[in-house]
Peer 1: 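Quick one: the structure is below, questions incoming.
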Amino acid sequence: ERERFAAKLRELGYDPLPSHANFLYVPMEYSHEMYEQLLSRALVVRPFKDAIRITVNTPSANERLLDALTSADTSRRHHVQSRAGHIGLS
């Protein structure tokens, strides 16, 4: 399941580090923001300065987290684009 989950994360554009444990370390610039968004959906990950650590769970739980990552990332991109347009950067 860890390898399938890591492959799905890569499909979403993330780059989890190789792992032999029951978690994946996923580098990202906005890790604390992502942590907060996932937590608001009752999905717990461990935040670090420039990454989140995700515990590999059941396939259905991992799919729920993948869906939330997709939604949160889309929301963040929209917010960044909206702010850029507001200050004349788009």
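Every heavy atom of this structure was used, including side-chain atoms; hydrogens, water molecules and symmetry mates were not. In this chain, numbering begins with 1 at the start of the sequence shown.
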Peer 1: Please round to the nearest 0.5 Å and tell me the distance separating atom OG of Ser19 and atom OH of Tyr25.
Peer 2: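 Rounded to the nearest 0.5 Å, the OG-OH separation comes out at 12.5 Å.
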Peer 1: If the test is side chain to side chain contact (heavy atoms under 4.5 Å, CB included), which one of Leu24, Ile52, Leu9 qualifies with Tyr14?
Peer 2: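 Exactly one candidate clears the test, Leu9.
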Peer 1: Evaluate the criterion salt bridge (charged side-chain N to carboxylate O under 4.0 Å, His left out) for residue pair Glu63 and Arg4; output intermediate values, then yes/no.
Peer 2: CA-CA 11 Å; Glu63 285 300 321; Arg4 184 196 75 82; 2.7 Å; yes
Peer 1: Do Tyr30 and Tyr35 sit in the same hydrophobic cluster, where Ile, Leu, Val, Met, Phe, Trp and Tyr count as joined when their side-chain heavy atoms come under 4.5 Å apart?
Peer 2: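 In one cluster with Tyr30: Tyr35, yes.
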Peer 1: Do side-chain atoms of Asn57 reach the backbone of Asn62 as a donor and acceptor pair under 3.5 angstrom?
Peer 2: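 Not a single qualifying donor-acceptor pair exists.
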Peer 1: Going through the checks in order, is the side chain to side chain contact (heavy atoms under 4.5 Å, CB included) test met by Val45 and Leu65?
Peer 2: CA-CA 10 Å; Val45 298; Leu65 196 135; 3.9 Å; yes
Peer 1: Can you tell me how far CG of Leu12 sits from CG of Asp67, rounded to the nearest 0.5 angstrom?
Peer 2: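 Between atom CG of Asp67 and atom CG of Leu12 there are 9.0 Å.
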Peer 1: Would Leu66 end up clustered with Met34 when hydrophobic side chains under 4.5 Å apart are linked, directly or stepwise?
Peer 2: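 Same cluster.
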Peer 1: As a quick check of understanding, evaluate side chain to side chain contact (heavy atoms under 4.5 Å, CB included) for Leu39 and Val44, giving each step before the final call.
Peer 2: CA-CA 5 Å; Leu39 189 59; Val44 180; 4.0 Å; yes
Peer 1: Spell out, yes or no, whether Leu69 and Phe23 are grouped together once hydrophobic residues are joined by side-chain heavy atoms under 4.5 Å, including indirect joins.
Peer 2: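 Different hydrophobic clusters.
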Peer 1: May I ask whether Leu17 and Ile54 are part of the same hydrophobic cluster, defined by side-chain heavy atoms of I, L, V, M, F, W, Y residues being less than 4.5 angstrom apart, directly or through others?
Peer 2: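 Not linked; separate clusters.
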Peer 1: Does Pro16 reach the side chain of Val26, with side-chain heavy atoms less than 4.5 Å apart?
Peer 2: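 Yes, close enough: below the 4.5 Å cut-off.
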Peer 1: Where do His32 and Pro47 come nearest, in terms of heavy atoms and distance?
Peer 2: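 Minimum heavy-atom separation between His32 and Pro47: ND1-CB, 4.5 Å.
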Peer 1: If we ignore hydrogens and angles and just use 3.5 Å, is the side chain of Ser31 paired with the main-chain N or O of Phe48 as donor and acceptor?
Peer 2: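 Between the backbone of Phe48 and the side chain of Ser31 there is a qualifying donor-acceptor contact (under 3.5 Å).
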Peer 1: Of the non-hydrogen atoms in Ser71 and Arg41, which two are nearest, and what is the gap between them?
Peer 2: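 Heavy-atom minimum between the residues: OG-NH2, 3.0 Å.
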